[in-house]
J.: 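Let me give you the structure first, and then I'll get to my questions.
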Amino acid sequence: MKRFDKSIFVTRPYLPSLEDFKSGLEEVWSNQWLTNNGPVLKRFQKELACYLGVPETNLALFNNGTLALELGYYALGLSGGEVITTPFTFVATSHALMRIGAKPVFADVDPETMCLSPEAAEKLITSRTKAIVPVHVYGNVCDVEGFARLGEKYGVKVIYDAAHAFGIFSRVERVERVERKSIGCFGDMSMFSFHPTKLFHSCEGGLLVFKDAALQEKLFNLRNFAIKGELECVDVGTNAKMNELQALMGIECLKKIDALLAYRQKIYDVYADAFAGCPEVKLVPYSQNKAYVPVLFRDFATRERVYTELQEKCNVFSRRYFYPLLTDFAPYAYGHGACPVAEALSSRVLTLPTYYGLPIEDVMAIAENVKEMIA
Ligand code: T4K
């Protein structure tokens, strides 16, 4: 079994060359403008619109994904209502609902994709339901057609937590050409997280993409305390502004996005080869951007043993995303036991290291270590 001299973490952020970042900093220095809708932020917004194929009027940047979600939920009027969502996610998906006074109602996930099941969600829709919040967990794409049908049938909003889904596109056939459509274009709104643990980042950051362009002014206002000029405050906003240094990091990382995605695919393929013919480790194959590499073990005990031995014997820090399940945490204990499929997945899943620059021979050695542990 190989023990690495240097710790290997589940992820590491991509960093642009210091030279490139420094030349961007010169612009910030000469502007002497650090936050509050600065010129670098505006450029980042324009470049994102171009990359995603979304009009610039239909997106808004924030200082992190959690506040982006919170303000998005608020702007869509979810306060005071029930929202059907998945427990198989990071706490932020539901925390942001709770913080605006909406109640998460937990429905079970699809056993294959691990994303919220439209059938399970539909059973919980009542007159109190204001929205459905599915999560493209790990970059596994939800049943977007299924949720579109529910949204239309019941007149509820569909908001995707797309924190893990940056870089995913679907191809749309037009009469004369094939266009790329970002996964963020489905539903009423989607949120991408730009945290450094994500494949693309801006140190911290979040992006909302929304269908109704009229929301942009509202969101820009809410992220800036909901003040208007010097004399007016129109709502209870907050400070959720992305600053110029974050935006600069985002611009530099965006230059590299194709390589970042390609490298993760390469890592995934190495894991897939290594685990082929090894039924004891089931590599989850659905991530379209390979944001994470989740594997399922036979049972809880095996997963726990592999997780611990990877740390203690190999100096490898895998993560049990997403265990415990949200409904095992105190604020959501009212949902405990409601989602048996999610519970079972959560007890068996482990996410293995993947990031730009992780040496391929290290990926092979991690996979061999895992196989040896369960042999
Ligand atoms: N929705 C979903 C579905 C999400 O997964 C998340 C965030 C959100 C919403 C909210 O978006 P943000 O508000 O975060 O934009 C991490 C992240 O903090 C969190 O962003 C992420 N999901 C969640 C799944 O994971 P931790 O506590 O596991 O992170 P941490 O600090 O243990 O980092 C993991 C590993 O990454 C470290 O062991 C080493 C490496 N690392 C981390 C950082 C921050 C680095 O090498 N450099 C770094 O700068 O939560």
Side-chain angles (χ1 to χ4, degrees), residues 4 6-16 60-73 83 85-99 104 106 109 113-116 133-142 159-166 168 183-184 189-209 223 238-243 245-246 249-250 253 264 287 289 291-294 307 310-311 315-326 329 332 342 346 349-358 366:
F4 294 91
K6 249 178 88 180
S7 300
I8 296 195
F9 297 108
V10 71
T11 191
R12 309 288 347 240
Y14 164 72
L15 288 173
L61 280 160
F62 300 85
N63 56 353
N64 61 59
T66 306
L67 278 172
L69 270 181
E70 190 176 315
L71 294 182
Y73 293 154
V83 176
T85 188
T86 166
F88 193 74
T89 181
F90 190 56
V91 287
T93 315
S94 275
H95 277 3
L97 286 168
M98 295 286 257
R99 293 182 64 82
F106 297 103
V109 300
T113 65
M114 304 171 154
C115 297
L116 183 66
V133 175
V135 179
H136 300 300
V137 67
Y138 307 130
N140 299 356
V141 172
C142 297
I159 300 137
Y160 288 100
D161 181 336
H164 305 168
F166 196 73
I168 300 178
I183 196 67
M189 187 177 270
S190 294
M191 184 285 288
F192 296 107
S193 162
F194 297 163
H195 185 267
T197 55
K198 303 293 179 282
L199 65 88
F200 168 80
H201 74 94
S202 58
C203 295
E204 289 258 14
L207 176 73
L208 288 180
V209 176
R223 75 179 177 192
T238 188
N239 182 353
K241 289 166 274 133
M242 175 176 276
N243 69 47
L245 300 185
Q246 289 175 284
M249 180 61 91
C253 291
R264 279 172 189 260
S287 175
N289 58 1
Y292 294 82
V293 177
Y307 170 74
L310 275 174
Q311 280 187 25
N315 202 13
V316 171
F317 293 80
S318 63
R319 291 297 284 266
R320 292 165 291 186
Y321 296 134
F322 289 98
Y323 168 84
L325 209 57
L326 250 65
F329 292 131
Y332 308 108
S346 165
V349 75
L350 191 67
T351 52
L352 298 177
T354 184
Y355 53 89
Y356 183 79
L358 175 61
I366 294 167

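Read the numbers this way: they start at 1 and go in the same order the structure lists the ligands and their atoms. Keep in mind it's a predicted model, so treat the numbers as computed, not measured. Positions are given from 1, in the same order as the sequence printed here.
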J.: Give the atoms of ligand 1, by number and element, whose distance to some non-hydrogen atom of M191 is under 4.0 Å.
T.: 9 (C)
J.: Geometry only, no angles: is F90 polar-contacting ligand 1 at N/O separations under 3.5 Å?
T.: no
J.: Mind checking what makes salt bridge (Lys or Arg N to Asp or Glu O under 4.0 Å) contact with R319, not counting sequence neighbours?
T.: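 R319: no salt bridge (Lys or Arg N to Asp or Glu O under 4.0 Å) contacts found.
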J.: Check ligand 1 against P13 and write out every atom of the ligand that is under 4.0 Å from a heavy-atom position of the residue.
T.: 45 (C), 46 (O), 47 (N)
J.: At under 4.0 Å between heavy atoms, which part of E204 makes contact with ligand 1: side chain, backbone, both or neither?
T.: neither
J.: Of all the atoms in ligand 1, which lie at a distance below 4.0 Å from a heavy atom belonging to G205?
T.: 15 (O)
J.: Within a distance under 4.0 Å of any heavy atom of T93, pick out the atoms of ligand 1 and give their elements.
T.: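 Within the 4.0 Å cut-off of T93, ligand 1 contributes 1 (N).
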J.: Tell me, do Y138 and M114 make a side-chain contact under 4.5 Å, heavy atoms counted?
T.: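 In short, these two side chains touch, coming nearer than 4.5 Å.
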J.: So which protein heavy atom does atom 27 (O) of ligand 1 come closest to, and at what separation?
T.: R319 NH2, 3.8 Å
J.: Which atoms from ligand 1 have a heavy atom of R12 less than 4.0 Å away?
T.: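 Per the distance check, 45 (C), 46 (O).
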J.: Nearest 0.5 Å please: distance from the OH atom of Y323 over to the CG atom of L350.
T.: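 Here the interatomic distance stands at 12.5 Å.
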J.: Enumerate, atom names and distances included, each donor-acceptor pair closer than 3.5 Å involving a side-chain atom of residues 199-209, sequence neighbours excluded.
T.:
unit_1, atom_1, unit_2, atom_2, d
H201, ND1, C203, N, 3.0
H201, NE2, Y14, O, 2.7
S202, OG, E204, O, 2.9

J.: State the atoms of ligand 1, each with its element, that fall below the 4.0 Å cut-off from a heavy-atom position in A163.
T.: 1 (N), 2 (C), 3 (C), 4 (C), 9 (C)
J.: Closer than 4.0 Å to some heavy atom of A92 - which atoms of ligand 1 meet that?
T.: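 Per the distance check, 8 (C), 9 (C), 10 (C).
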J.: Can you list the ligand 1 atoms lying under 4.0 Å from a non-hydrogen atom of T89?
T.: 3 (C)
J.: Of all the non-hydrogen atoms in the protein, which one sits nearest to atom 25 (O) of ligand 1, and at what distance?
T.: Y321 OH, 3.4 Å
